[in-house]
2 protein chains.
Amino acid sequence: MTTTLKDISKEAGVDVATVSRALNGSYGVHKATRERVLAVAKRLNYRANLTARELAVGKSHTLGLLVPDIGNPFVTEVVRGAEDAAYAAGYHILLCNSYLDSAREVQYMRSLLDKRVEGILMHSVQTLSNTEVEELSNSEIPVVLLCRSPSASNFSGVCVNHFEGGVLAGEHLMELGHRKVAFLSGPRDHGNFIEQGKGFIKAVTSVKDSAPPVVLNGPPSFDGGYQLAKKLLEQNHGVTAIFAANDVSAFGIGRAIFEAGLSIPDDISLIGFNNVELANVVRPPLTTIHQPKYEMGQAAVEILLGLAKSGRLGVPEQREFGVRLVKRSSTSAPPKKSR
Amino acid sequence: MTTTLKDISKEAGVDVATVSRALNGSYGVHKATRERVLAVAKRLNYRANLTARELAVGKSHTLGLLVPDIGNPFVTEVVRGAEDAAYAAGYHILLCNSYLDSAREVQYMRSLLDKRVEGILMHSVQTLSNTEVEELSNSEIPVVLLCRSPSASNFSGVCVNHFEGGVLAGEHLMELGHRKVAFLSGPRDHGNFIEQGKGFIKAVTSVKDSAPPVVLNGPPSFDGGYQLAKKLLEQNHGVTAIFAANDVSAFGIGRAIFEAGLSIPDDISLIGFNNVELANVVRPPLTTIHQPKYEMGQAAVEILLGLAKSGRLGVPEQREFGVRLVKRSSTSAPPKKSR
DNA sequence: GTCATTTTCGCAAACGATTGTTACATTGAC
DNA sequence: GTCAATGTAACAATCGTTTGCGAAAATGAC
């Protein structure tokens, strides 16, 4: 049997209200009685029931975090930042892994709402269905969209400038002298990759003698990158550099290049996106576009908590982080003679 | 204003109890009234308040998951398995990242208890303090220790046979012909690494002409492995193979070997532990000891839920998973002439 | 010692559900 | 038309807290 305020109240001979106040250190309870109550509470191994408190007070001190795949190291970093910020603020995090499965996503969203979380973080959701947008808007809790290009919806968001990242990647390759490049992108309809591609294409085509990039779409995973790269190499466009949708897919691309008997960066340069921790571990270390993942997670929670406290849900906040190029060894000048 | 059962009850002209039963599809409410209630609920955008239900019913449908570092890909896989299993069972997961900081760990543990989670999963905690053991035992919720060698405490556990893993690694290196090897271990007092080392040493020393392994201790991280390897190479024992505490530290070791101008596996063979997804991505692909991470996460949740349902906390369940050697390209026969 | 002021504490009403018990309506058999 | 059996729905207690309000008790000034 777990002990409750009532038990303590009986044992200590005071009202349950007094017990509550004593335990919470509220003003207006005599030092002596407080100590007596605390002693009894300790003796009875009392543990507060946050569920009951939550019901009474109306605050759950809990946030929902919806992610596409916790297995993705990029996502993980963001989660880490979010968790730290939440912990610092005395909040808990409910972790929901959706695998981008929209049924699962909706189901999770509903239970988060029902659980009365004080805010929801959604990481790189592809597209929100109308149901979702509507139900989220009806609820009076704040939502922050993470790592997703700003959209029409009026939710708050934390993201990185994907367009700018694309530009950086393109410029870097152009500076190195590449003139025939490819962008192995993610899903065709995903805003982030669209932006990334636009920036890349802009940078590439603004150099006069360079060919417009070859663009292929596929899942932005290790295997997706691998398959796409195999396809690209078979088509034999003679590209000398590849811009990957993200680091993880770049790893897959690297594998395909290796298996084709080619070498990075001597035959083909490779540049990623995200700057995952392991980009520095693989060989050759991957040139990539850095994105402040941890800080983004933190920022998202801060915004969320700010909105929750102020209650000003009507005025969504957008925060955009900068990107920067991290030069490592997977990019270099193109081979003298293109194959 | 969020709408409650009472609102619906007024609007539909029935008692709140009837509304509750109608919404939950309980037996004993007329089809017509149920439909009327459902219609009103929909019109009022009713959302169940799980907090209230939880208080009334006494079940939170929530599990606590305490991990040392969500950034570690090994941990992540386990979390993924746990999350999937929880989702399948209709449970939610509260994510708590402790960074092995025991103050944070205790604080998290307490709030999980206060939040009335139905079970707690603790991933590879180093050592439980007496306070923790006591408070956890006092609470009436089940605890499952994950990835931690079985201990004296009477909590349930899911782990892998670290000793056996060490043996496998040792045997593999011996078969390849290595006779002078090293184990770059984790913290000296961590049970898992101790077991791993024991197994390794046993396998190595049971070969007659092989020297007992050089053993160094340090944090089992990328940087930890890097530092340890540098130290080892400086000491110049002439080892031809290294067994790492885990894959991530093996990556660091690989970096140090590379920087020393040596090559894997030609100069030094390297074998990891865990079989993280990226072990197959790095070059050369890492030979390692496979551990069914995802399945362990799943199993842990299943055990937890089983204990929670049965209420038989007195009889902890231990599940041990097998390990196996995954041969890749980071191990080979030692160089003809040792350096 | 009296009176005003301040502390201390109990009472009771929330918070939003669930659920056992009871009362009334309906149905069907005869 | 009566009675029993069944189906519906209302009443009320409960889950473990918090908190506004008012009463009693303690304090302090004079």
Side-chain angles (χ1 to χ4, degrees), chain A residues 1-38 40-41 44-62 110-111 113-118 139-141, chain B residues 1-38 40-41 44-62 110-111 113-118 139-141:
Chain A
M1 218 43 234
T2 71
T3 93
T4 72
L5 286 195
K6 206 192 288 182
D7 299 326
I8 301 182
S9 113
K10 271 183 206 143
E11 193 75 7
V14 292
D15 189 80
V16 27
T18 305
V19 178
S20 170
R21 286 187 252 259
L23 257 23
N24 293 329
S26 311
Y27 175 80
V29 22
H30 194 88
K31 198 172 169 213
T33 61
R34 155 169 304 131
E35 278 166 4
R36 184 154 41 98
V37 168
L38 289 182
V40 175
L44 265 42
N45 283 323
Y46 173 75
R47 295 223 71 99
N49 184 328
L50 293 191
T51 306
R53 174 180 303 167
E54 179 181 337
L55 181 59
V57 177
K59 307 223 141 300
S60 65
H61 278 242
T62 305
R110 293 206 177 122
S111 21
L113 254 25
D114 290 351
K115 261 183 175 295
R116 295 299 191 270
V117 295
E118 291 182 43
S139 83
E140 287 167 8
I141 71 162
Chain B
M1 217 45 234
T2 71
T3 92
T4 72
L5 285 196
K6 205 192 288 182
D7 299 325
I8 301 182
S9 113
K10 272 183 204 143
E11 192 75 8
V14 293
D15 189 82
V16 29
T18 306
V19 177
S20 170
R21 285 189 248 259
L23 257 24
N24 292 331
S26 310
Y27 174 81
V29 22
H30 196 88
K31 197 173 170 211
T33 60
R34 156 170 301 133
E35 279 165 4
R36 184 154 42 97
V37 167
L38 290 182
V40 175
L44 265 40
N45 283 323
Y46 174 75
R47 295 223 70 97
N49 184 327
L50 293 191
T51 306
R53 175 180 303 168
E54 179 181 339
L55 181 59
V57 177
K59 308 225 139 300
S60 64
H61 278 241
T62 305
R110 294 209 174 119
S111 21
L113 253 25
D114 290 350
K115 263 184 174 294
R116 295 300 191 267
V117 295
E118 291 183 43
S139 82
E140 286 167 8
I141 71 162

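The analysis underlying the following values was restricted to heavy atoms, covering all of them including side chains, and did not include hydrogens, waters or symmetry mates. The chains referred to below are lettered A, B, ... by the order of the sequence lines, with proteins before strands, and numbering in each begins at 1.
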Handout entry: B/Arg53, nearest nucleotide to its side chain (from C/dT18, D/dA10, D/dC15)
Key =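 Comparing C/dT18, D/dA10, D/dC15 against the side chain of B/Arg53, the answer is C/dT18.
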
Handout entry: Closest to side chain of A/Val29, choosing from C/dA17, C/dC9, D/dC15
Key =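 The closest nucleotide is C/dC9.
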
Interatomic distance where [atom1] belongs to [X] and [atom2] belongs to [N] [whole Å]:
X        : N      : atom1 : atom2 : result
A/Arg34  : C/dC9  : CZ    : P     : 9 Å
A/Leu50  : D/dC15 : CG    : P     : 18 Å
B/Glu35  : D/dT8  : CD    : P     : 13 Å
A/Lys6   : D/dT17 : NZ    : P     : 10 Å
B/Asp114 : D/dT18 : CG    : P     : 11 Å
B/Asp7   : C/dC15 : CG    : P     : 10 Å
B/Lys59  : C/dT19 : NZ    : P     : 11 Å
B/Asn49  : C/dG16 : CG    : P     : 7 Å

Practice task
Return no unless some side-chain N or O of B/Thr51 is found under 4.0 Å from OP1 or OP2 of C/dG16.
Solution key: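 Answer is no, no contact under 4.0 Å.
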
Exercise for the section: Using a cut-off of strictly less than 4.0 Å, decide whether B/Tyr27 has a side-chain nitrogen or oxygen near OP1 or OP2 of D/dA9. Expected result: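 So the side-chain polar atoms of B/Tyr27 never come under 4.0 Å of the phosphate oxygens OP1 or OP2 of D/dA9.
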
Practice task
On DNA chain D, check which nucleotide each of B/Thr33 and A/Thr2 is closest to and give me the residue with the more 5' one.
Solution key: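 Nearest-nucleotide comparison on DNA chain D picks B/Thr33.
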
Below 3.5 Å between N/O atoms, which protein atoms pair up with nucleotides 19-28 of chain D? Just atom names and distances, please.
unit_1, atom_1, unit_2, atom_2, d
D/dG20, O6, A/Arg21, NH2, 2.9

Exercise for the section: With heavy atoms under 4.0 Å as the rule, sort A/Gly28 into base, sugar-phosphate or nothing. Expected result: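 Base contact.
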
Problem - Flag side-chain contact, heavy atom, 4.5 Å: B/Leu38 against B/Leu23 - result: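 They are in side-chain contact.
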
For a quick test of your reading: what N or O donor-acceptor pairs under 3.5 Å do the side chains of residues 53-61 of chain B make, sequence neighbours left out?
unit_1, atom_1, unit_2, atom_2, d
B/Glu54, OE2, A/Thr51, OG1, 2.7
B/Ser60, OG, B/Thr62, N, 3.4
B/Ser60, OG, B/Arg116, O, 2.7
B/His61, ND1, B/Gly90, O, 3.3

